[in-house]
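Note that these values count all heavy atoms, side chains included, but never hydrogens, waters or copies made by symmetry. Order of the sequence lines sets the chain letters (A, B, ...), proteins ahead of strands, with each chain counted from 1.
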There are 2 protein chains.
Amino acid sequence: MDAIPANSSSVVQTATARVHEVIKKRILNGHYQANEYLRETSVASELNVSRTPVREALRELVSEGWLEAIPHRGARVVAWTAKDAREVFELRLVLEPLAVRLASTQISKSCFKSLEILATQMESLTEQVDTNTESRSDIASLNHEFHRTLILASNNQRLANLLENVVRTSVIHRNFGNYDLANLRRSMRHHREILEAIAAGSPEWAENVMRAHLLAAQALHVPHTNTPSG
Amino acid sequence: MDAIPANSSSVVQTATARVHEVIKKRILNGHYQANEYLRETSVASELNVSRTPVREALRELVSEGWLEAIPHRGARVVAWTAKDAREVFELRLVLEPLAVRLASTQISKSCFKSLEILATQMESLTEQVDTNTESRSDIASLNHEFHRTLILASNNQRLANLLENVVRTSVIHRNFGNYDLANLRRSMRHHREILEAIAAGSPEWAENVMRAHLLAAQALHVPHTNTPSG
DNA sequence: TCGCCCAAGATTGCATACAATTTATAAGGT
DNA sequence: ACCTTATAAATTGTATGCAATCTTGGGCGA
């Protein structure tokens, strides 16, 4: 029963923000399951706050797509369907390439440097997947950071917000668990090639590698098994 | 002094929803101006409700991008800058073509029919712009409905929500006020051509006409004056 | 005269009580 | 047996009071 830390650090946070965070975590780790109703009073008493901050947190989570509001029934954890996965992928496939294209014309030197460092770290971790059991999840977080950095470099705050909200809700399911070494290496080559395209001053190249990057990842989750020689 | 209608229709609305609506209208019609602070107590007393529904409405409007929350200072009406216009246009230019592409493969017959009716209505109004002073604003609302219908036909709810939120905030500035007859006619031809492309079963065609449609509109707002023969 | 500090005012943040609405339940009639 | 209706329980919606926090203005000292 994880109670809210009264003052986990010197940073003062509002109760609403803490409740928001806790609920999001609980959705991600499965404490709240799909289609489960979150009643204001229950959450409030569990987290030792009043209903007010809970109400506000729930509304925020609804607008972010984590919950859906059922009038006079409460907020329900959204169930992730195949359609949701399709919708998010369709959006990602146009938004992330856009971000890379925009970023490639105006990225700062320091930002590009951090991307190179992230790529290098992921590459070295990739070669340790057989011996280091932690490396897959480490790659996942570095990968997330890589994409996030790239998106922020697009200099389009709305785009960044959209991707944050749209993609984050789907992150539950995506990690590198079912990537074999070959696919991992291709993924890492994509990262490197995006940086090469940016360095070469070719937004179109960068954009298309990103599309390939996303489509390759998608193909792993939805195996089509269409071998031409078959 | 527009007070909140107690029961404007038989539909029962929550105070939060009514406050939300009123504030949005007031931003659109200029009652609240850019950078103006909206204090919970002021709005509450003006609209004869308590602070609670005002708080919730303000938070929603912040998450929708109409206001920005300044900690302990209140909610401020966002000022529309050139950068905001650029950001929104960059997003529209990938999202609306995506919507059209998706819609063209799965649009229903009845939905297609309504689009044709809307296009026809706009076309006839276009030929009346010299005599009918109302026609420009009528075209604007029909145009909005045309785009909305097309977007809903994409069968991607997230995409529809994104476009609704992203585009609506910028609608304040865009109408057909500075379209001359030639540009209006081109805009109408675009609508018609999108429908032709859908009917012909060519998502790529439809998608590219939409891009042209948006870029042509953009060119009018940001005149470049680059005549090749000059 | 400039900078720092303290206090008062203003504003949001939170808690609690109450109202309104809906849903679930059970009883009664057909 | 099933549908209707009324009643009660549960839940959200709203109002209000108080606490916490920040901003602002003035006074004090260097």
Expressed in angstrom and rounded to an integer, what is the separation of Arg18(A) atom CZ from dA20(D) atom P?
13 Å
Side-chain N or O of Thr14(A) closer than 4.0 Å to phosphate OP1/OP2 of dT12(C)
no
Tyr37(A) OH to dA24(C) C1', straight-line distance once rounded to whole Å
14 Å
Please write out the pairs of protein N or O atoms and N or O atoms of nucleotides 15-19 of chain C separated by less than 3.5 Å, giving the distance to one decimal.
| unit_1 | atom_1 | unit_2 | atom_2 | d |
| --- | --- | --- | --- | --- |
| dA15(C) | OP2 | Ser50(A) | N | 2.8 |
| dA15(C) | OP2 | Ser50(A) | OG | 2.9 |
| dA15(C) | N7 | Thr52(A) | OG1 | 2.8 |
| dT16(C) | O4 | Thr52(A) | OG1 | 3.4 |

Which residues pass the side-chain hydrogen bond (donor to acceptor under 3.5 Å, both in side chains) test with Glu134(B), sequence neighbours left out?
none
Atom CD of Glu56(B) and atom P of dT12(C) are separated, to the nearest Å, by 15 Å
Quick one: list whatever passes side-chain hydrogen bond (donor to acceptor under 3.5 Å, both in side chains) with Thr120(A), sequence neighbours left out.
Arg192(A)
Starting from P on dT14(D), measure out to CG on Leu47(B) and report it in whole angstrom.
13 Å
To the nearest angstrom, the CZ-C1' distance between Arg55(B) and dG17(D) comes to 14 Å
Of the listed dT11(D), dG13(C), dG13(D), the closest approach to the Arg39(A) side chain comes from dT11(D)
Say you draw a straight line from CD of Gln218(A) to CG of Leu93(A); how long is it, rounded to the nearest 0.5 Å?
8.5 Å
Inspect the contact between Arg92(A) and Glu87(A) and indicate whether a charged nitrogen and a carboxylate oxygen are less than 4.0 angstrom apart.
no
Rounding to a whole Å, what distance do you find between Arg59(B):CZ and dG13(D):P?
16 Å
For Thr81(A), which residues count as a side chain to side chain contact (heavy atoms under 4.5 Å, CB included) partner, sequence neighbours excluded?
Lys83(A), Asp84(A)
Throw together a table of side-chain donor-acceptor distances under 3.5 angstrom for residues 111-119 of chain A, partners on residues two or more places apart or in other chains.
| unit_1 | atom_1 | unit_2 | atom_2 | d |
| --- | --- | --- | --- | --- |
| Ser114(A) | OG | Ser110(A) | O | 2.7 |
| Ser114(A) | OG | Cys111(A) | O | 3.1 |

Are Thr16(A) and dC14(C) close enough that a side-chain N or O sits under 4.0 Å from OP1 or OP2?
yes
Contacts of Arg148(A) that satisfy side chain to side chain contact (heavy atoms under 4.5 Å, CB included) - sequence neighbours left out
His144(A), Glu145(A), Leu152(A), Glu164(A)
Quickly work out the Glu40(B) CD to dA15(D) C1' distance and round it to whole Å.
14 Å
Measure the distance from NE2 on His20(A) to P on dG13(C) and round it to the nearest whole Å.
15 Å
